[in-house]
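Input: a single structure, listed below in C-alpha cells.
Because only heavy atoms are used, hydrogens play no part in the values below, and waters and symmetry mates are left out as well, while side chains stay in.
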Amino acid sequence: MERCPWSEGFEQYRQYHDQEWGVPLRDSRELFELLMLEGAQAGLSWSTILKKRDTYRKAFDNFDPARIAKYGPEDEARLMADPGIVRNRLKVNGVIKGARAYLAMEASGTRFSDFVWQFVGGETLQNRWTSLSEVPATSAVSDAMSRALKKAGFTFVGSTICYSFMQAAGMVNDHLVACPRHKAVKALATNEVKSGGASARKRRAGASSATIAPDESGSA
C-alpha cells in the first residue's frame with residue numbers, strides 16, 4: 001500500500017492515516033475534540049498529540065463541552081500537573097474557552113458541525129495532489145474559517161491549524177492520488193452527497209455570512 005509519505009514512521013500513525021484521516025466527520029462533539037487537539041499541536045507535531053490522544057480524552061472528560069465549560073482554577077491546576085497532555089497554560093485555557101464558545105454557538109441555534117462544514121459548502125473538496133510539496137498549509141477557506149472561529153471566541157485556530165483540521169475531518173481530500181485512501185475517501189464523500197439528497201444540494205447552495213469576515217484577522 002503506497003500511503004501518503006507523512007504517515008510512515010510508527011504503527012499508530014499508519015492506522016490513523018488508513019482509518020481516520022480524511023474521512024468526513026459530521027458529529028459536533030467529535031469535531032470539537034479534533035479542533036481542540038489540532039490546537040494542542042501548535043508548535044509541535046500531530047504525532048506527538050496522537051500519542052497523547054487517549055490521555056487527553058481522560059483529562060478533558062472525553063471532550064464534553066458542557067463539563068469542560070464549568071472548569072475552574074482547581075481543574076486548571078489538575079491539568080497543568082498532568083504529564084499525559086501538553087502542559088501549556090494558554091493551550092489548556094484554550095480548550096476551556098473553546099468549550100464555552102461551542103456551547104454559546106449551539107445555544108444560539110447553530111450546530112458546530114454545520115458551522116465548520118459551511119466553509120466548504122457542506123461537501124468535501126476533492127484535491128488531486130501528486131506530491132507532498134503540492135499540498136498547501138493554508139487556503140482561502142481556512143483563512144475564512146480561522147477568522148470566524150476567532151470571532152466566535154475560539155483560540156489556537158490560526159489558518160494553518162484550521163487547514164489541518166479540515167484535512168483530518170474530511171472537509172478536503174488531501175490524500176495523494178497514488179494513495180489508495182484518496183479513492184476510498186472520495187467514494188465516502190460521494191456516497192454522502194447521494195444519500196443527502198435535497199439537504200446536500202441545499203448545503204452546496206452557499207455558505208452563511210459567517211464565512212465572510214474580512215475585518216477579522218490574525219494568527220493563532
Quick one: side-chain contact (heavy atoms from CB on, under 4.5 Å) partners of Val135, sequence neighbours excluded?
Trp129, Gln167, Asp174, Leu176
Which residues pass the side-chain contact (heavy atoms from CB on, under 4.5 Å) test with Ala101, sequence neighbours left out?
Phe154
Running the 4.5 Å side-chain criterion over Ile, Leu, Val, Met, Phe, Trp and Tyr, what cluster does Val185 land in, apart from itself?
none
Salt bridge (charged side-chain N to carboxylate O under 4.0 Å, His left out) partners for Arg87, two or more places apart:
none
Cation-pi check, Arg181 to Trp21: give yes when NZ or CZ is under 6.0 Å from the six-membered ring centre and within 45° of the ring axis, no otherwise.
no
Can you tell me which residue pairs pass the side chain to side chain donor-acceptor pair (under 3.5 Å) test with a partner in residues 90-113, sequence neighbours excluded?
Arg111-Asp114
ring-ring contact (aromatic ring centres under 6.0 Å, His included): which pairs involve residues 70-97, sequence neighbours left out?
none
Does any pair with a residue in residues 42-57 pass salt bridge (Lys or Arg N to Asp or Glu O under 4.0 Å), and if so which ones, sequence neighbours excluded?
Glu20-Arg53, Glu33-Arg57, Asp54-Arg57
For Glu134, all residues meeting side-chain hydrogen bond (donor to acceptor under 3.5 Å, both in side chains), sequence neighbours excluded:
Thr130
Under the side-chain hydrogen bond (donor to acceptor under 3.5 Å, both in side chains) rule, collect the residues that match up with Asp82, sequence neighbours excluded.
none
Using the side-chain hydrogen bond (donor to acceptor under 3.5 Å, both in side chains) criterion, which residues pair with Thr124? Sequence neighbours excluded.
none
Counting C-beta onward and ignoring hydrogens, is there a side-chain heavy-atom pair between Val116 and Leu35 closer than 4.5 Å?
no
Considering residues at least two apart in sequence or located in another chain, which fulfil the side-chain contact (heavy atoms from CB on, under 4.5 Å) criterion with Val92?
Leu79, Met80, Ile85
Qualifying residues under side-chain contact (heavy atoms from CB on, under 4.5 Å), relative to Ala40, sequence neighbours excluded
Ile49, Tyr56
